[in-house]
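Below you'll find the structure, written out as structure tokens, and then a few comments.
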Amino acid sequence: MALACQHEPSCPSAGSPDRDAARLLSHHPEQGWSLLCNGVVLFEDNGGLLPDGQSIAPRQRSSHAIEALAGSAA
């Protein structure tokens, strides 16, 4: 299922290096995950899942992504 970003400017795609900078659609800290506008699911251990099911190994996120996760889902 492809998600169509309606944000201006558009969020980075799931395949781009800055994919973590996409806006939050849903944030569930009690469960340890967040869904981004580009379909990426991020986990609290900094790993994640791409929309096609590929896993993202845990890594250190950019400060922009950390600030975005700290904000509210818009």
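Not measured: the values here are computed from a predicted model. Values reported hereafter were calculated over all heavy atoms of this structure, with side chains retained and with hydrogens, waters and symmetry mates removed.
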Nearest heavy-atom pair of D18 and S16: which atoms, and what distance?
OD1-OG, 2.8 Å

To check you understand the geometry: which heavy-atom pair defines the closest contact between S10 and C5, and what is its length?
CA-SG, 3.9 Å

Shortest non-hydrogen contact from S13 to R19?
O-CB, 3.4 Å

List the steps, then state whether side chain to side chain contact (heavy atoms under 4.5 Å, CB included) holds for L42 with D20.
CA-CA 8 Å; L42 296 177; D20 290 5; 3.7 Å; yes

Would you compute the distance between atom CD of Q31 and atom CZ of F43 and round it to the nearest 0.5 angstrom?
10.5 Å

Does some side-chain heavy atom of V40 sit less than 4.5 Å from a side-chain heavy atom of P51?
yes

How long is the straight-line distance from CD of E44 back to CD of E30, given to the nearest 0.5 Å?
10.5 Å

Testing the basics here: between A22 and C37, what is the closest heavy-atom pair and its distance to 0.1 Å?
CB-N, 4.3 Å

Just how far is it from atom CD1 of I56 to atom CG of L49, taken to the nearest 0.5 Å?
7.0 Å

With side chain to side chain contact (heavy atoms under 4.5 Å, CB included) as the criterion, how do L36 and L25 come out once you've worked through the C-alpha distance, each side chain's angles and the decisive distance to 0.1 Å?
CA-CA 5 Å; L36 301 181; L25 290 183; over 6 Å; no

On a heavy-atom basis, the closest approach of S26 and W33 is OG-CH2, 4.4 Å

Please report the shortest heavy-atom distance between D45 and P58, naming the atom on each side.
O-CB, 3.3 Å

